[in-house]
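Taking it in order: structure first as structure tokens, then the write-up.
Each ligand, and each atom within it, is numbered from 1 in the order the structure gives.
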Amino acid sequence: MDTKNLGFNSKLIHAGMFDDQFGSATVPIYQTSTFKFKDADHGAACFAGEDDGYIYTRINNPTIDALENLVAELENGYRGIACSSGMGAVNTIYMALLEQGSHMISTAAVYGPSRVVIEKHYSRFGVEATYLDTCHPENIRNAIRPYTKIIYIETPANPTMDVTDLAEVVKIAREHNIITVADNTFCSPYLQRPLDFGFDVVFHSITKFLNGHADIVGGVIVTKEKEIYDRLRPMMVTLGCNMDPHQAYMVIRGLKTLSVRMDRSQENAMKIAQYLETHPKVKWVRYPGLKSHPQYDLCQKQMDGPGGMISFELKGGLEAGKVLMNSVKLCMLAVSLGGVETLIQHPASMTHSKMDKQSRLNSGITDGLVRFSVGIENVDDILDDLAQGLDKIS
Ligand code: LCS
């Protein structure tokens, strides 16, 4: 069935699916490492790309194809590349698009390891990067060097919730022929589609909203055009960070409810953000749905909803944060995000702890910052839990 013209919710259910020989209603799990060739000529043709038959699961597999085609349709892109993790996707992009002597510009407050791997490891191979506040596109323009190869942004950023203007980034990048990459993990394609703004590459930690059930680690990349896809795909295959067929099946199953999960999560998040904003022990709240978000107008322009992630700063700093995290009961003290369960974490001591302290503070990740991933429980239960936790702070 041609699903290209279906609405987003219909695509979630039908895009990427294929008919198997038994009429299975769901995608079968092809749990195999390798595929039989009909004969020697067939094997040779598959390797030569003259036949699109399957070869080996690190290279291609029907269950994984179904997921890649589904996400590519959701992001309005050319094709998808599924990876074993979000970091697998990040490294596939870096390895394919950067080279010795090249330079990258990126959001200061990106997910910690996406930055640490550049500063600690790619730097050993002569890659340079400038991390800056991409909320102000002029900062990007001023940082461009003759050998800048990619502009890599995360919006909203993890965990500051800073928002970058997608259309402005594309405008600047095109003037200098630079490839644009967006980490769309916090929004999912339900709320934001960077390729529609002209981005070249979009990717996700599939571990989060796309899978949505805290039971899978995975990643996926989608490109706008064939040319960049043809650079990224062989890199994923040779790095060996492919997804597994069972993992792909689980993500397809999780994706079917993406929009209903996101709707509930952001409805809950709005009420929680409003509650936190008026709480005397909270210094500030960053949530794209609140008018107090410094880029509220931009959020309205480029996002179809505020999402399920909230960051807030406690007046009592690190100590208050510890008390809150040790007091909550329903809200789980755990890293990761985007699942059906509410999670709370402290970036300075957890997700961003490997970052150099000054860079962390310069990126807006203060000691007292708390990150909250809102699940789909009854909102009153989440609010009660937060209230009793905040009460414990002296
Ligand atoms: N990009 C973003 C925005 C992320 O939040 C993460 C993981 C990644 C990429 C990497 O994806 P992974 O390899 O873990 O699938 N974020 C995490 C977090 O905030 N807590 O734990 C992991």
Below 4.0 Å from ligand 1: does a non-hydrogen atom of [X] turn up there or not?
X	result
Arg371	yes
Lys208	yes
Ser114	no
Gly218	yes

We want to know whether [X] and [Y] form a side-chain donor-acceptor pair, criterion being a heavy-atom distance below 3.5 angstrom.
X	Y	result
Tyr30	Asp65	no
Asn76	Asp196	yes
Glu341	His213	no

Relative to the heavy atoms of [X], which atoms of ligand 1 are at a distance of less than 4.0 Å?
X	result
Glu154	3 (C)
Ser336	18 (C), 20 (N), 21 (O)
Asn158	4 (C), 5 (O), 19 (O)
Val335	20 (N), 21 (O)

Any N or O on [X] sitting closer than 3.5 Å to an N or O of ligand 1?
X	answer
Phe203	no
Asp183	yes
Thr351	no
Met87	yes

Test Asp380 against Lys271 for salt bridge (Lys or Arg N to Asp or Glu O under 4.0 Å), laying out the working first. CA-CA 9 Å; Asp380 289 343; Lys271 290 182 184 149; over 6 Å; no
Could you check [atom] against the protein and tell me its nearest heavy-atom contact, residue, atom and distance included?
atom	value
atom 8 (C) of ligand 1	Tyr111 CD2, 3.3 Å
atom 15 (O) of ligand 1	Thr207 OG1, 2.6 Å
atom 12 (P) of ligand 1	Gly86 N, 3.4 Å

Just let me know how Leu337 lines up against ligand 1, side chain, backbone, both or neither, with a heavy-atom cut-off below 4.0 Å.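 Within the 4.0 Å criterion, Leu337 contacts ligand 1 through side-chain atoms alone.
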Check whether Phe209 forms a cation-pi arrangement with Arg261 (NZ or CZ under 6.0 Å from the six-membered ring centre, at most 45° off the ring normal).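 Ring-cation test returns no.
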Using 4.0 Å as the upper bound for N to carboxylate O, is an ion pair formed by [Y] and [X]?
X	Y	result
Asp162	Arg286	no
Lys329	Asp384	no
Arg233	Glu68	yes

Is there a donor-acceptor pair closer than 3.5 Å between any side-chain N or O of Thr160 and the backbone N or O of Ala109?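 Not confirmed, Thr160 side chain does not pair with Ala109 backbone.
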Is the shortest side-chain heavy-atom distance between Leu258 and Asn9 below 4.5 Å?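 The answer is no, as the side chains (C-beta and beyond) never meet within the 4.5 Å cut-off.
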